[in-house]
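Remember, it's a predicted structure, so these values are computed and weren't measured experimentally. Lettering of chains follows the sequences in order, A, B, ..., and the numbering in each one begins at 1.
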Amino acid sequence: MTEDSTLPANNFIRNRIKSDLAQQNVSVITRFPPEPNGYLHIGHAKSICLNFGIAAEFKGHCNLRFDDTNPDKEDDEYVEAIKHDVSWLGYTWQQLEFASNYFEQLYAYAVQLIEGGHAYVCDLNPEQVRAYRGSLTEPGKNSPFRGRSVAENLDLFSRMRAGEFKEGERVLRAKIDMAAGNINMRDPALYRIKHAHHHRTADRWCIYPMYDYAHCISDALEGITHSLCTLEFEDHRPLYDWVLDTLKTPAHPQQIEFARLSLDYTITSKRKLLQLVEDQHVQAWDDPRMPTISGLRRRGYPATAIRDFCERIGITKKDAQIDVGVLENCAREALDHAAPRAMCVLNPIKVVIDNYPAGETEELDVANHPKRPELGRRSLPFGREIYIERDDFMEQAEKKFFRLAPGKEVRLRFAYCITCTEVIKDSNGAIVELHCSYDPLTKGGKTGDGRKVKGIIHWVSCQHSIAVQVNLYDRLFNTPNPGAQDNFTDHLNPHSLISLTDSRAEASLSNSEAMQAYQFERCGYFCRDAEDNAAGQPVFNRTVTLRDTWAKINSK
RNA sequence: UGGGCCGUCGCCAAGUGGUAAGGCACGGGGUUUUGAUCCCCGCAUUCGUAGGUUCGAACCCUACCGGCCCAGCCA
């Protein structure tokens, strides 16, 4: 790498903007144009990072514009959620706009198109329009209403606006070419009638512009220089350009398309995400298993991790399927640096240290972060009875298992080395308690005789620890490409959420704040949920596990 | 079958006529009171395939192969 690694990676859009800038010295203006019909997801994050990132890099700006031209689907709830998500990701928009802000101008431009003989009111019903459109291989036929006079079109269009017609009765169409190979150019609809209540314009309108017509003009009105969108709009670019060219708008933004994000084991379709919420496969849009920005946030993903991810995956025109491991790794990297450490025993088993004086408590002074002393220290109480992780004990241990086993010695993190002396079982043979002895000479790290104790396990004091609930999240789907399945809900992972209600955390966690990230040593990164459970116990959500080389070895 | 687009390591991705960056994953080693982190080392004689142009091709030309998108009065 010859470039400074802090610079964003090269991609074809940056390169193109650079060369555009070399031609003419203008500032770069982009926009992020969500439709407020759902919550933002990780795929939108890619677009947000691109649009805001490009604008910042070239000292321009980015607008947030809601593409609210379809009142049937849009809602203010989504507007507010989207604004929050964009801000949380760390971006600041220049103008906050709505396509609906331009309805009056859009109407005036439509009148202009009609006057120029470039648009006409068509009385065909939707089925007829489809029949006249032809097919992928056959050209379409001209609508019988294509030859209406300008005066008649003007009259009809104003009566459409006035509400004289029912939905579906008439539509305003561009007059382009019914034989075009590109179906978008076969006299596309520009305005349709919808007697619907709009979240911003209320009942002032009963005709609404179509995306292809509204989007390009909105871009032009805002002086957008580069209109970045996803690949499926590539076929729409000729129409985007046609509208702006025939209208002779003061500006003509360039539309550039890039591949949308698809992530392994996840769904990035607003329609399907909405279905997961409505059918209650998840609790809400911000369920920590959702790939929504709000879900990732509640899961504990830092905004920096999401931005880093978007940077790493790049921008291309190639349909790519990204390994979820890349996203997880971004979280690990951000959290390793940011998260103070703590100890929490997920599945506790009680250990009695027989030779430790009963009733005695020692306070161990430990660092909150192994590499960042500025994160401070805390005191950990240690006593005769502790909990350790069930998985850290094995009755029949193989040679490579260097945790606790009968007769084996391990170190308790920050504390003493203990040796297992006895295993206590219930009548069913289940292990209920372990007895150990400790070596008083091993406090703080050394062994008196220089012997090596390789295993280190985490623990909490029985007496001082607090009961917490821990939510262990795993991928929501158990197939790499759920979106491609016939019925994606058939592929939901039944174990995507495991709630542990008997976990024990060190006492310092009782006054942790919501959303505060921690690394539970040897377990993973967690954050306290915004809402604790009904019993008043703190709830911690697992963001991501630690890399687990042992699990890898063990599974071989 | 008409139109548009895409094919560089297992997954991403730079490179755009001068002899294959980087990240993730993977394998090996070191440090470590987290089997974490961190640090080394390894990992495409080859760029979908086949021809051609050129002193020289992943980059140019031709043909083929494979994949994605489009027939909403959705965005």
Provide the distance between the two C1' atoms, one in B:rG66 and one in B:rC24, to the nearest whole Å. 26 Å

Using a cut-off of 4.0 Å on non-hydrogen atoms, how would the nucleic acid contact of A:Asp123 be classed: base, sugar-phosphate, or nothing? nothing

Assigned chi class of B:rG72 under the 90° convention is syn

Does B:rA75 have its OP1 or OP2 closer than 4.0 Å to a side-chain nitrogen or oxygen of A:Thr69? yes

Which nucleotide, B:rG72, B:rG35, B:rC69, lies nearest any side-chain atom of A:Met210? B:rG72

Nearest listed nucleotide, side chain of A:Glu232, among B:rC74, B:rA75, B:rA13: B:rA75

Quick one: label A:Asp72 by what it contacts on the DNA or RNA (base, sugar-phosphate, nothing), any heavy atom closer than 4.0 Å. nothing

Ignoring the backbone of A:Arg130, work out which of B:rC26, B:rA75, B:rG72 is nearest its side chain. B:rG72

Which nucleotide wins on minimum distance to the side chain of A:Ala320, given the candidates B:rA14, B:rG27, B:rC12? B:rC12

A:Leu124 near the nucleic acid: base, sugar-phosphate alone, or nothing, with a heavy-atom cut-off under 4.0 Å? base

5' priority, RNA chain B, between A:Arg332 and A:Glu169 [closest heavy atom]: A:Arg332

Ignoring hydrogens and angles, answer whether the base of B:rU34 and the side-chain atoms of A:Gln519 contain a donor-acceptor pair closer than 3.5 Å. yes

Between A:Asn329 and B:rA25, does any side-chain N or O lie under 4.0 Å from OP1 or OP2? yes

Tell me: CD of A:Gln321 to C1' of B:rG7, nearest whole Å? 16 Å

Quote, to the nearest angstrom, the P distance that separates B:rG67 from B:rC60. 24 Å

Give A:Glu35 one of three labels, base, sugar-phosphate or nothing, depending on what nucleic acid heavy atoms sit under 4.0 Å from its own. sugar-phosphate

Donor-acceptor pair under 3.5 Å, A:His236 side chain vs B:rA75 base: yes

Is the positively charged end of A:Arg161 above the ring of A:Tyr107, judged by distance under 6.0 angstrom from the centroid and angle within 45° of the axis? yes

Euclidean distance for C1', B:rG22 against B:rG15 (whole angstrom): 12 Å

Sugar-phosphate only, base, or nothing, as touched by A:Tyr191 at under 4.0 Å among non-hydrogen atoms: nothing

Paired with B:rC64: which nucleotide, if any, by Watson-Crick or G-U wobble criteria at under 3.5 Å for both distances? B:rG48

Checking ring-ring contact (aromatic ring centres under 6.0 Å, His included) for the pair A:Phe520/A:Tyr525: CA distance, chi angles, key distance, verdict? CA-CA 6 Å; A:Phe520 288 173; A:Tyr525 296 98; 9.8 Å; no

In whole angstrom, what separates A:Leu40's CG from B:rA75's C1'? 14 Å

Any N or O donor-acceptor pair linking the side chain of A:Asp235 to the base of B:rG3 at under 3.5 Å? yes

Of B:rC38, B:rG35, B:rC5, the nucleotide closest to the side chain of A:Lys371 is B:rC38

Name the nucleic acid region contacted by A:Arg341, choosing base, sugar-phosphate or nothing; use a 4.0 angstrom heavy-atom cut-off, strictly under. base

What nucleotide, of B:rC12, B:rG3, B:rU33, holds the atom closest to the side chain of A:Asn182? B:rG3

B:rU16 to B:rA21 separation - C1' atoms, rounded to the nearest Å: 15 Å

Using the C1' atom as the reference point in each nucleotide, state the distance between B:rC12 and B:rC26 in Å, no decimals. 15 Å

For the backbone of A:Pro209 and the side chain of A:Arg192, can you confirm whether one donor and one acceptor N or O come within less than 3.5 Å of each other? yes

Could you check whether A:Ile322 gets within reach of a base, just the sugar-phosphate, or nothing at all, counting any heavy atom under 4.0 Å? sugar-phosphate

Measure from the side-chain N and O atoms of A:Glu506 to the backbone N and O of A:Met343, and report whether any donor-acceptor pair falls under 3.5 Å. yes

Rounding to an integer number of Å, can you tell me how far A:Arg403 CZ sits from B:rU34 P? 13 Å

Looking at the side chain of A:Asp323, which of B:rC11, B:rU33, B:rU8 is the nearest nucleotide? B:rC11

Please work out if A:Arg312 contacts a base, only the sugar-phosphate, or nothing of the nucleic acid, heavy-atom cut-off 4.0 Å. sugar-phosphate

G-U wobble or Watson-Crick pairing nucleotide for B:rC73 (cut-off 3.5 Å, both distances): none

With C1' as the reference atom in both, quote the distance from B:rC43 to B:rG52 in angstrom, rounded to an integer. 34 Å

For this output row, return yes or no: ring centroids of A:Tyr208 and A:Tyr191 closer than 6.0 angstrom. no

Mind checking the C1' distance from B:rU8 to B:rA44? Whole angstroms is fine. 9 Å

Return the pairing partner of B:rA36 with a 3.5 Å limit on both distances, Watson-Crick or G-U wobble; otherwise return none. none

Which nucleotide sits closest to the side chain of A:Asn10: B:rC73, B:rA75, B:rA14? B:rA14

Pairwise C1' distance for B:rA14 and B:rU46, with rounding to whole Å: 16 Å

Have a look at A:Thr549 and say if it touches a base, only the backbone sugar-phosphate, or nothing, with a 4.0 Å heavy-atom cut-off. sugar-phosphate

Between B:rC11 (P) and A:Phe309 (CZ): distance, integer Å: 16 Å

Note, A:Leu346 side chain near A:Cys344 side chain (heavy atom, < 4.5 Å): yes

Do we count A:Tyr211 as stacking onto B:rA75 if the rule is ring centres under 5.5 Å and planes under 30°? no

Does B:rC68 have OP1 or OP2 under 4.0 Å away from a side-chain N or O of A:Lys317? no

To the nearest angstrom, how far is A:Phe233 atom CZ from B:rA75 atom C1'? 5 Å

Rounded to whole angstrom units, what separation is found between the CD1 atom of A:Ile553 and the C1' atom of B:rC26? 14 Å

Can you tell me the distance, in whole Å, between the CG atom of A:Asp319 and the P atom of B:rC12? 10 Å

CG of A:Asp177 versus P of B:rG4: gap in Å, rounded? 14 Å

Apply the side-chain hydrogen bond (donor to acceptor under 3.5 Å, both in side chains) test between A:Asp187 and each candidate in A:Arg133, A:Arg146, A:Arg173; give the one that qualifies. A:Arg146

Taking the side chain of A:Arg413 as its heavy atoms from C-beta onward, which of B:rC24, B:rG35, B:rU33 lies nearest to it? B:rU33

At 4.0 Å (heavy atoms only), tell me whether A:Phe401 reaches a base, stays on the sugar-phosphate, or touches nothing. base

Assigned partner base of B:rG10, Watson-Crick or wobble definition, under 3.5 Å: B:rC24

Any idea which of B:rG15, B:rC11, B:rU33 is nearest the A:Asn15 side chain? B:rG15

If you look at every strand shown and take non-hydrogen atoms under 4.0 Å, does A:Pro139 touch a base, only sugar-phosphate, or nothing? nothing

Is the terminal nitrogen or CZ of A:Arg170 (NZ for Lys, CZ for Arg) located under 6.0 angstrom from the six-membered ring centre of A:Phe165 and within 45° of that ring's axis? yes

Answer yes or no: is there an ion pair linking A:Asp439 with A:Arg451, defined by an N-O contact shorter than 4.0 Å? yes

CH2-CD1 distance between A:Trp205 and A:Ile193, expressed to the nearest 0.5 angstrom: 13.0 Å

